[in-house]
2 protein chains.
Amino acid sequence: MQLEQIVMSLRDEGHRITPQRIAIMDYLLHTKDHPSADQVHSVVRKRYPMTSLSTVYKTLDLLREKKLVNEIEVWGEARFDAQVDEHINLVCLNCGNIEDIDEKALKNIQAKIAKKSDYLIIKGSFEMHGYCSKCKTEFQ
Amino acid sequence: MQLEQIVMSLRDEGHRITPQRIAIMDYLLHTKDHPSADQVHSVVRKRYPMTSLSTVYKTLDLLREKKLVNEIEVWGEARFDAQVDEHINLVCLNCGNIEDIDEKALKNIQAKIAKKSDYLIIKGSFEMHGYCSKCKTEFQ
DNA sequence: TATTTATTGATAATGATTCCTATTAACAAT
DNA sequence: ATTGTTAATAGGAATCATTATCAATAAATA
Ligand SMILES: [Mn+2]
Ligand SMILES: [Mn+2]
Ligand SMILES: [Zn+2]
Ligand SMILES: [Zn+2]
């Protein structure tokens, strides 16, 4: 997804385009990190020092509503993922680094569950926890 | 797992067996709910009014360390699951109810990922979010 | 029964997130 | 280009689940 398209679709829906929103969206679109709200704030601040943490939270909310970012929780903290296609997040129990893994078998499982269960399924979230390549030696 | 076995194993490791711990373990072993710490506290209190929330938190921590309960996060709140075998938790987006689904294909996927990735995998957690049978009519 | 010390309970501290509100600024209309 | 409307922002307070602190209590063991 391109920044320009997102900007246009937001404008279409009557949202205003602000430098803060552009800065936040631009960062999310170009990082493979899965940053927390605070990390987003720190990074965006370097270029646009007038951005407040409140605004970061509200912008992330807006982007989540528009399904432009995905939100996952790690250790009681929200982490944001610009990759919105269904995938598996590998979370490092030591450093908190998150890596994406695509696994097509996921879709099959989800479809099966959706049929089997009484629930009206909206979305799935699959995480695996362990130690990343950098950390696993420390914990052998 | 039986209460008696758990009690013995805790005692073996030098932990003291208190009425509070027994009450908490007993409740978790016999419910299919996925209660929050606060819910555990409320329920246990009816039988053992001398149980504090602090103790509930500390006991849940202990049980998690011993891998006797599993912890998942829903809406920034921890929920505890006495079912520790790998399974899928269906979370209702409206009422917060959680239902278990067994899916043997999960193990295959996890094994595959463990090989494919650089991570040393410790555990997986798979959730699906939607509306339960009671709530889905309201949201059509 | 006395001793040891893990556990408890009450409450303060923490920290991520949400709420509040005066001020600012995007943008449509003039 | 200017104005008016009102969405958006900044920043500080409030919220609330969880963790930390520590004096009092009670399991375990001899
Ligand atoms: Mn991801
Ligand atoms: Mn479960
Ligand atoms: Zn790591
Ligand atoms: Zn429901």
Side-chain angles (χ1 to χ4, degrees), chain A residues 3-4 6-27 34-66 68-69 71-80 91 96, chain B residues 3-4 6-25 27 34-45 47-66 69-80 91 96:
Chain A
L3 184 58
E4 266 314 310
I6 296 177
V7 165
M8 286 196 317
S9 82
L10 285 182
R11 211 193 297 269
D12 280 351
E13 300 180 64
H15 298 289
R16 296 178 184 177
I17 307 307
T18 65
Q20 292 90 335
R21 284 182 173 172
I22 292 192
I24 292 165
M25 290 187 293
D26 191 51
Y27 167 51
H34 292 65
S36 64
D38 210 59
Q39 283 174 274
V40 173
H41 185 225
S42 303
V43 171
V44 165
R45 232 161 205 276
K46 289 176 189 159
R47 287 169 172 256
Y48 305 85
M50 77 294 277
T51 308
S52 75
L53 184 55
S54 306
T55 296
V56 171
Y57 272 108
K58 267 177 284 196
T59 301
L60 291 171
D61 257 22
L62 178 66
L63 296 175
R64 182 167 41 75
E65 275 171 24
K66 303 295 172 208
L68 298 170
V69 302
E71 182 178 339
I72 64 178
E73 282 225 11
V74 178
W75 306 331
E77 193 184 46
R79 303 278 293 267
F80 298 87
V91 182
Chain B
L3 184 59
E4 267 313 310
I6 296 177
V7 165
M8 286 195 321
S9 82
L10 286 182
R11 211 192 299 267
D12 280 352
E13 300 180 63
H15 298 287
R16 294 181 183 175
I17 306 308
T18 65
Q20 291 92 335
R21 284 182 174 170
I22 293 193
I24 292 165
M25 291 187 293
Y27 167 51
H34 293 65
S36 65
D38 210 58
Q39 284 175 273
V40 172
H41 185 224
S42 303
V43 171
V44 165
R45 232 160 205 277
R47 287 170 172 257
Y48 305 85
M50 75 294 276
T51 308
S52 76
L53 185 56
S54 307
T55 296
V56 170
Y57 272 109
K58 271 176 285 198
T59 302
L60 291 171
D61 257 23
L62 178 66
L63 295 175
R64 182 169 39 76
E65 276 171 23
K66 302 297 172 205
V69 302
N70 195 48
E71 181 179 338
I72 65 178
E73 283 225 9
V74 178
W75 306 333
E77 192 185 47
R79 303 278 293 265
F80 297 88
V91 182

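Worth saying up front: this structure is predicted, and the values here are computed from it rather than measured. Worth knowing before you read on, the calculation uses all heavy atoms, side chains too, and leaves out hydrogens, waters and symmetry mates. Convention: sequence-line order gives letters A, B, ...; per-chain numbering from 1.
Rounded to whole Å, the distance from CD on B/Glu71 to P on D/dA17 is 14 Å. As a whole-Å value, the separation of B/Glu65 CD from C/dT7 P is 11 Å. Between B/Glu73 atom CD and D/dA17 atom C1' the separation is 10 Å, expressed in whole Å. Spacing between atom OH of A/Tyr48 and atom C1' of D/dT9 amounts to 16 Å, rounded to whole angstrom units. Between B/Arg79 atom CZ and D/dT18 atom P there is a gap of 11 Å when expressed in whole angstrom units. Look at CD on A/Glu13: it is 15 Å from P on D/dA7, rounded to the nearest Å. Protein atom CG of A/Leu10 is 16 Å distant from nucleotide atom P of D/dA7, rounded to whole Å.
At a threshold of 4.0 angstrom between heavy atoms, the contacts of A/Arg11 are confined to the sugar-phosphate backbone, with no base atom among them. Nucleic acid contact for A/Thr51: sugar-phosphate only, since backbone atoms but no base atoms lie under 4.0 Å from a heavy atom of the residue.
Atom CE of A/Met8 is separated from atom CG of A/Leu3 by 11.0 Å, given to the nearest 0.5 angstrom. We find the CD1-CD distance between A/Ile72 and A/Glu77 to be 11.0 Å, quoted to the nearest 0.5 Å.
Summarising the local packing, CD of B/Glu4 is surrounded by 12 or fewer heavy atoms from other residues, nucleotides or ligands at distances under 6.0 Å.
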Report task. Report the C-alpha distance between A/Val44 and A/Val56 in whole Å, list the side-chain angles of each, state the deciding distance to 0.1 Å, and finish with yes or no for side chain to side chain contact (heavy atoms under 4.5 Å, CB included). Result -> CA-CA 9 Å; A/Val44 165; A/Val56 171; 5.6 Å; no
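When side chains are defined from C-beta on, B/Asp61 counts as touching B/Arg64, because their heavy atoms get closer than 4.5 Å. No side-chain heavy atom of B/Lys58 sits less than 4.5 Å from a side-chain heavy atom of B/Gln20. B/Met25 has its side chain within reach of B/Leu10: a pair of non-hydrogen atoms, C-beta onward, lies under 4.5 Å apart.
Residues of residues 37-46 of chain A having a heavy atom closer than 4.0 Å to DNA chain D: none are found. Taken residue by residue, residues 15-25 of chain A places heavy atoms nearer than 4.0 Å to DNA chain C at A/Arg16, A/Ile17, A/Pro19. The stretch residues 57-64 of chain A touches DNA chain C through A/Tyr57, A/Lys58, each having a heavy atom under 4.0 angstrom from the strand.
Taking each heavy atom of B/Val40 and B/Pro35 in turn, the nearest pair found is CG2-CG, 3.8 Å.
Between the side chain of B/Thr55 and the main chain of B/Thr51, no donor-acceptor pair closer than 3.5 Å is present. For the pair B/Arg21 (side chain) and B/Arg16 (backbone), a donor-acceptor distance under 3.5 Å is present. The backbone N or O of A/Ser36 sits less than 3.5 Å from a side-chain atom of A/Gln39, completing a donor-acceptor pair.
The base of D/dA8 lies outside donor-acceptor range of the side chain of A/Thr55, with no N or O pair under 3.5 Å. At a cut-off of 3.5 angstrom, counting only N and O atoms as typed in the model, there is no donor on one side facing an acceptor on the other between the side-chain of A/Ser52 and the base of D/dG11.
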